[in-house]
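Quick note on labels: first sequence line is chain A, next is B, and so on, each numbered from 1. A quick note: this is a predicted structure, and the numbers were derived from the prediction, not measured. Heavy atoms only: backbone and side chains are in, while hydrogens, waters and symmetry mates are out.
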There are 2 protein chains.
Amino acid sequence: MTETVPRPTLEAVAARAGVSRATVSRVVNGSDGVREPLAERVRQAVDELGYVPNQAARSLVTKRHDAVAVIVAEPETRVFADPFFARQLRGISKELTAHDNQLVLLLTEDRADHVRVGRYLAGGHVDGALVFSLHIDDPLPELIQRAGLPTVFGGRPDFNGGRGGVSYVDSDNRGGARDAVRHLLGLGRRRVAHITGALDQTSAVDRHDGYRDVMADADPRLVARGDFTPASGERAMRELLGRHPGLDAVFAANDLMAAGALRVLREHGRRVPEDVAVVGFDDMLPIAEQTEPPLTTVRQDIEEMGRLMARLLLRDLDHTGTPEETSGARPDGLILPTTLIRRSSA
Amino acid sequence: MTETVPRPTLEAVAARAGVSRATVSRVVNGSDGVREPLAERVRQAVDELGYVPNQAARSLVTKRHDAVAVIVAEPETRVFADPFFARQLRGISKELTAHDNQLVLLLTEDRADHVRVGRYLAGGHVDGALVFSLHIDDPLPELIQRAGLPTVFGGRPDFNGGRGGVSYVDSDNRGGARDAVRHLLGLGRRRVAHITGALDQTSAVDRHDGYRDVMADADPRLVARGDFTPASGERAMRELLGRHPGLDAVFAANDLMAAGALRVLREHGRRVPEDVAVVGFDDMLPIAEQTEPPLTTVRQDIEEMGRLMARLLLRDLDHTGTPEETSGARPDGLILPTTLIRRSSA
DNA sequence: ACCTGATCCGAGAGCGCTCTCCCACCCGCG
DNA sequence: CGCGGGTGGGAGAGCGCTCTCGGATCAGGT
């Protein structure tokens, strides 16, 4: 059926244009040193034959692959329940394709996968890696750094030995949390509670820190621990209501938990926002818009985050010519601003 | 900092083991014809040097890449708002890595991207493609098929000239819809309305067809058109309520629209499920569980779908040796069963 | 007119691997 | 004890490209 037509080679193009392989190569790769009439003839031959360079042959000699790995650690299914992943991927994809790089996706679940990923990276198939490590003490980040590939992390990683020189992109979780709490204070609320996320993730820790920055001397009983799931939001809300019935506001570390909290508040006859104001985090759509009432929340530009990760990495990869600059001048972390989205819940 | 140590080559391993390159190659690729004492010596040399084959050099001669492209067309952002994409990707990823294949992700948005994708596929970087085309009359599928690569589609594609021989994996949208409607009838409902999805997608068409299979002679005014968004669900529900106030059940083509319908029903003082029973489609979490009341819906095993797509493709790719079998015996479509998940809304 | 230098292009090596020969060796048989 | 078939292992070509190097060409200066 589909006859596998042998693809034209550099040689063929050269023959047709009546030049040497070297010249065709020069034209194809856009290097100067080929005068106009000749260059045009080559370009025409390329078009006529529909020539496309063989990437394998090329990287065999250049040692570049124009490909980067995106590694997503997802021991839990939860990662996949939210739409962030896709957004981030899209940001990355856009930036990558704009620079003619391919995106090789590596999804990992367990230790066995880690080994595989390590081998893959060491195997020199890609020029760099973009890594999403969600959990503190995840061995993956270190493992990857040790592979010696240029790497950018999504979300602040937490290395045991903070060696510095780790580049990453993250949202301003702490600042966003501060904004959320200040907004509640601005509404005249004084007993602002907090439902934390899973504290084995830096984002949850940072949001909690942001809350404490503003509510430094608040009653510690105003803080209940959640794990980012809706059920944990409900549980935490009940807990808070039980031990601190007088609370007049809640800042949940994500929208899912905020949605859970909302349900419990309604159950208990508390009106939102009149009796208790609620603020979430993420602006996870369509959830945040669909709660009752619609959720006031902290938005992070997740797609931009992906784009920046890719940009950072690509810039690193271009530094091939200057070995001296490679060691110093590394931009450690890049923090993206967040925006408070005001809906009806606060 | 990270000294780029030159990776050991086949040559180096051969030297260390005291054999020829060919022998090492044989051992590494698991082909027989190397006797045990020698083979062991080679394996040891491989370990000691930490040898990893250079994929570029390998595919240069084998013309295989052990990589498949996953192409996602997403002219609209909507695709990214739902978690399906990620699930499917995970299914694909699992199957692929189990067979030592890489996943190259290609996200497209507009015509320009189509050209790029076409070139990429023609460029022979991957052995096959997995394609998600969401819209009828999307030019991408044809374009990809023309590239001559083995391809499997996610969701029933809609070619103008139904040439057959197109392999795809899809959920049993029609059967699932029938189940949903029959369930409503089983509840004693008689005036069952339907909110369609965007009818430029085969999934929406099929679900609509399923509804009509069961409600063949229903009042056509019981059908309102939506486009899979929550807002369209609300709009459609209002429309239905307006022109057919006596309806006692609604089958929405997805959960997002069902959630919108639920809100409108509440607004109008209709109790769910007492006055109006509601069934959705997708079992999109966490939405489906979080509505009030929790949604009865049709679940599709989205991860399995991804896995099957990959499996189908890989099987196709293995058929390299037998050119005769390639033309015939192609499994056109694979339809996955759906399950009705009973919650409180119906 | 001759030399110098810059510029353009071609020849050829070689990237790391696979795979087809082909030779050497082992065994069993006559 | 020699011969043939079978089998294990090596030699070497070649996949399609890049890139260095050197030769040719051309211009300008003296």
task = Would you check, one step at a time, whether the test salt bridge (charged side-chain N to carboxylate O under 4.0 Å, His left out) holds for A:Arg16 with A:Glu11?
result = CA-CA 9 Å; A:Arg16 182 175 195 102; A:Glu11 188 82 46; over 6 Å; no
note = Here the distance between atom C1' of C:dC9 and atom CD of A:Glu36, to the nearest Å, is 15 Å
request  = Would you kindly give the CZ-to-C1' distance between A:Arg26 and C:dG10, to the nearest whole Å?
outcome  = 8 Å
query = Looking at CZ of B:Phe132 and CE of B:Met309, how far apart are the two atoms once the value is rounded to the nearest 0.5 Å?
reply = 4.0 Å
message = Assess whether a salt bridge exists between A:Arg43 and A:Glu36, defined as any Lys/Arg side-chain N lying under 4.0 Å from an Asp/Glu carboxylate O.
response = yes
remark   = The correct set of residues in residues 43-61 of chain A placing a heavy atom under 4.0 Å from DNA chain D is A:Tyr51, A:Pro53, A:Asn54, A:Ala57, A:Arg58, A:Leu60, A:Val61
query = Going through the distances and angles, do A:Arg87 and A:Glu304 end up as a salt bridge (charged side-chain N to carboxylate O under 4.0 Å, His left out)?
reply = CA-CA 9 Å; A:Arg87 290 254 181 77; A:Glu304 177 68 9; over 6 Å; no
request  = Over all heavy atoms of both residues, which pair between B:Ala129 and B:Leu121 is shortest? Give the atoms and the distance, please.
outcome  = CB-CD2, 4.5 Å
task = Identify the two heavy atoms, one from B:Gly155 and one from B:Tyr168, that lie closest to each other, and give their separation to 0.1 Å.
result = O-CB, 4.0 Å
query = Which comes earlier along DNA chain D counting from the 5' end, the contact point of A:Glu11 or that of B:Ala22, where each point is its nearest nucleotide?
reply = B:Ala22
message = Holding to salt bridge (charged side-chain N to carboxylate O under 4.0 Å, His left out), I want the full list of residues that pass it with B:Arg311, two or more places apart in sequence or in another chain.
response = B:Glu95
request  = Take B:Ser25 and B:Asn29, measure what side chain to side chain donor-acceptor pair (under 3.5 Å) needs, and give me the verdict at the end.
outcome  = CA-CA 6 Å; B:Ser25 175; B:Asn29 294 306; 3.3 Å; yes
task = Go through DNA chain D in 5' to 3' direction and return only the first and the last nucleotide with some atom under 4.0 Å of chain A's heavy atoms.
result = D:dG16 to D:dC19
